[in-house]
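First up is the structure itself, then whatever we jot down about it.
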Amino acid sequence: MIRDNSLSRKLFVVFNYILLSLIALTCVLPLIQVIAISFSSPEAATAGFVKLFPVDFTTAAYEYVLGREEFFNSILVTLKRVGIGIPLNMLLTILIAYPLSKESKVFRSRTFYAWLFVITILFNGGLIPLYMVVKATNILDTVWALILPGAVPVFNVILLLNFFRGLPKELEEAAFIDGAGHWTVLWRIYLPLSIPALATITLLTTVMHWNSWFDGLIFMNSPDNYPLQSYMQTTVIQQNTLSIINDSGSVDLSKISDRTARAAQVILGALPVLIAYPFLQRFFVKGIVLGSVKE
């Protein structure tokens, strides 16, 4: 492999590093400031003295947030949603993507069903019909209202079926010659070879369930059934958070403010995804590339 060591090439590389570093900083610096605010005193946070480092370091905001029973209840609802929703999404995605990855001569109705799923990305019935369906099925105000309406993530289906189509056809043909059926081919050949794509859609599904907040506000009648992000949305956007949730006596409210409490909630809500993403990033990038649309 011939390397280009010309001056123009070196300048181009340096420019790219500088540009990408600046873009990365624009993404990271706001998060760092939120962390700094969450560990700062209420006076410094309210006065706007906090930049990238905490001022008058304190953990009172985290003690206050973690002492809230509603906060832990919302985490339990989200964990239940993630624990049920991810396996269901993955199972349905796999079972739909496998037959749609076949050629039309193998699965004659493949094109019809593929377009049927694609249409759901382009068009939907709207929020009111969705609410009426959820209410008619008697799952309103239950965790199933957060899971079943999005049980089939069509984007993940398209990603996985294109990954399946890129696998060597000779492996499938050899398995059929040896007497294997479609179930054996799927579970013993396709899935073991699709770890990058499966990791990708698992990450996408996890982030979707963890960050979703609007469906909780729509389908949950009781705030006790709110998932974490819906609970945070109802508290973070309030004009005076502490005046609404000030019944906790475990923390001196003079040591926190609306801004520090909101910052602490934002960090705690994003922390699990921030921890898990670095470990799945390599699968995410590889899965997106290998599962891209093919001719």
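Everything numeric here is computed off the predicted structure, so don't read it as measured data.
- At least one donor-acceptor pair under 3.5 Å links the side chain of Trp210 to the backbone N or O of Gly269.
- Note on Ile32 and Ile37: separate hydrophobic clusters, where clusters join Ile, Leu, Val, Met, Phe, Trp and Tyr whose side-chain heavy atoms are under 4.5 Å apart, directly or indirectly.
- Looking at Ser230, its side chain does come within 3.5 Å of a backbone N or O of Trp213 through a donor-acceptor pair.
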Worked check of side chain to side chain contact (heavy atoms under 4.5 Å, CB included) between Leu171 and Leu167 | CA-CA 8 Å; Leu171 295 175; Leu167 296 177; 5.9 Å; no
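- Nearest heavy-atom pair, Pro42 versus Thr260, reported as atom, atom and distance to 0.1 Å: CA-CG2, 4.3 Å.
- Under a 3.5 Å cut-off, the side chain of Ser38 and the backbone N or O of Ala264 do not form any donor-acceptor pair.
- Here Arg68 does not pair with Glu63 in a salt bridge; the nearest charged N to carboxylate O distance is not below 4.0 Å.
- Taking 4.5 Å as the limit, every side-chain heavy atom of Thr93 sits out of range of all side-chain heavy atoms of Thr205.
- Under the 4.5 Å side-chain contact rule for hydrophobic residues, Val207 and Met232 share a cluster.
- Using a 30° and 60° split on the angle between ring planes, Phe39 and Phe57 fall in the parallel class, below 30°.
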Derivation and outcome, side chain to side chain contact (heavy atoms under 4.5 Å, CB included), residues His209 and Thr78 = CA-CA 8 Å; His209 280 296; Thr78 297; over 6 Å; no
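- Looking at Asp215 and Ser212, their side chains do bring a donor and an acceptor atom within 3.5 Å of each other.
- Within the model, atoms CZ of Arg110 and NZ of Lys102 stand 11.5 Å from one another, a figure rounded to the nearest 0.5 Å.
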Go through Glu172 and Tyr190 one step at a time and tell me if the side chain to side chain donor-acceptor pair (under 3.5 Å) criterion holds.
-> CA-CA 9 Å; Glu172 181 180 6; Tyr190 271 51; 2.9 Å; yes
Taking it one step at a time, do Phe163 and Thr200 satisfy side chain to side chain contact (heavy atoms under 4.5 Å, CB included)?
-> CA-CA 11 Å; Phe163 190 95; Thr200 300; over 6 Å; no
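- Side-chain atoms of Phe72 and Leu228, non-hydrogen and from C-beta on, never get closer than 4.5 Å to each other.
- Note: Phe107 and Tyr113 have parallel aromatic rings, judged against thresholds of 30 and 60 degrees for the angle between ring planes.
- For the pair Ile218 and Tyr131, the tightest heavy-atom approach, listed with the atom from each and the gap, is O-CE1, 3.5 Å.
- Within 6.0 Å of atom NZ in Lys169, more than 12 heavy atoms from other residues, nucleotides or ligands are found, so the atom counts as buried in its surroundings.
- Between Val55 and Glu43 the shortest side-chain heavy-atom distance does not fall below 4.5 Å.
- In this structure, CG on Leu25 lies 11.0 Å from CG on Leu20, to the nearest 0.5 angstrom.
- Remark: the backbone N or O of Thr46 is not paired with any side-chain donor or acceptor of Arg259 at under 3.5 angstrom.
- Atom CD1 of Ile75 and atom NZ of Lys80 lie 14.0 Å apart (nearest 0.5 Å).
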Residues Asp141, Asn221; criterion side chain to side chain donor-acceptor pair (under 3.5 Å); working and verdict | CA-CA 6 Å; Asp141 208 29; Asn221 296 326; 4.7 Å; no
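- By the 4.5 Å heavy-atom criterion applied to side chains, Leu140 and Met220 are not counted as neighbours.
- Here the shortest heavy-atom pairing between Leu92 and Ala151 reads CD1-O, 3.5 Å.
- Using a distance-only test at 3.5 Å, with no hydrogens or angles considered, no donor-acceptor pair links the side chain of Asn73 to the main chain of Asp224.
- Contact check for Val143 versus Phe219: no side-chain heavy atoms found under the 4.5 Å cut-off.
- Under the 4.5 Å side-chain heavy-atom criterion for grouping Ile, Leu, Val, Met, Phe, Trp and Tyr, Met208 is not connected to Leu204 through any hydrophobic cluster.
- A donor-acceptor distance shorter than 3.5 angstrom exists from the side chain of Asn124 to the backbone of Gly126, with no hydrogens or angles considered.
- The two residues Val65 and Ala261 have their closest heavy-atom pair at CG2-O, 3.9 Å.
- Across Leu268 and Pro272, no two heavy atoms sit closer than the pair O-CD, 3.5 Å.
- The aromatic rings of Phe176 and His182 sit perpendicular, their planes meeting at an angle over 60°, well past the 30° parallel limit.
- Side chains of Ile139 and Thr142 form a contact here, defined as non-hydrogen atoms less than 4.5 Å apart.
- With contacts defined as side-chain heavy-atom distances shorter than 4.5 Å, the pair Leu130/Pro149 qualifies.
- Atom CD1 of Ile128 has 12 or fewer heavy atoms from other residues, nucleotides or ligands within 6.0 Å.
- Distance check, rounded to the nearest 0.5 Å: CD1 of Ile201 to CG of Asn89 gives 9.0 Å.
- Remark: Ser101 OG to Ile96 CD1 distance equals 12.5 Å, nearest 0.5 Å.
- In plain terms, the two heavy atoms of Ile147 and Arg81 that are nearest each other are CD1-O, 4.0 Å.
- Asn156 places no side-chain N or O within donor-acceptor distance of the main-chain N or O of Leu198, the cut-off being under 3.5 Å.
- Using a 4.5 Å cut-off on side-chain heavy atoms (C-beta onward), Leu29 and Gln33 make no contact.
- Here the OH-CZ distance, from Tyr231 to Phe71, works out to 7.5 Å after rounding to the nearest 0.5 Å.
- Linking ILVMFWY side-chain heavy atoms closer than 4.5 Å, directly or via other members, places Leu76 and Val82 in two distinct hydrophobic clusters.
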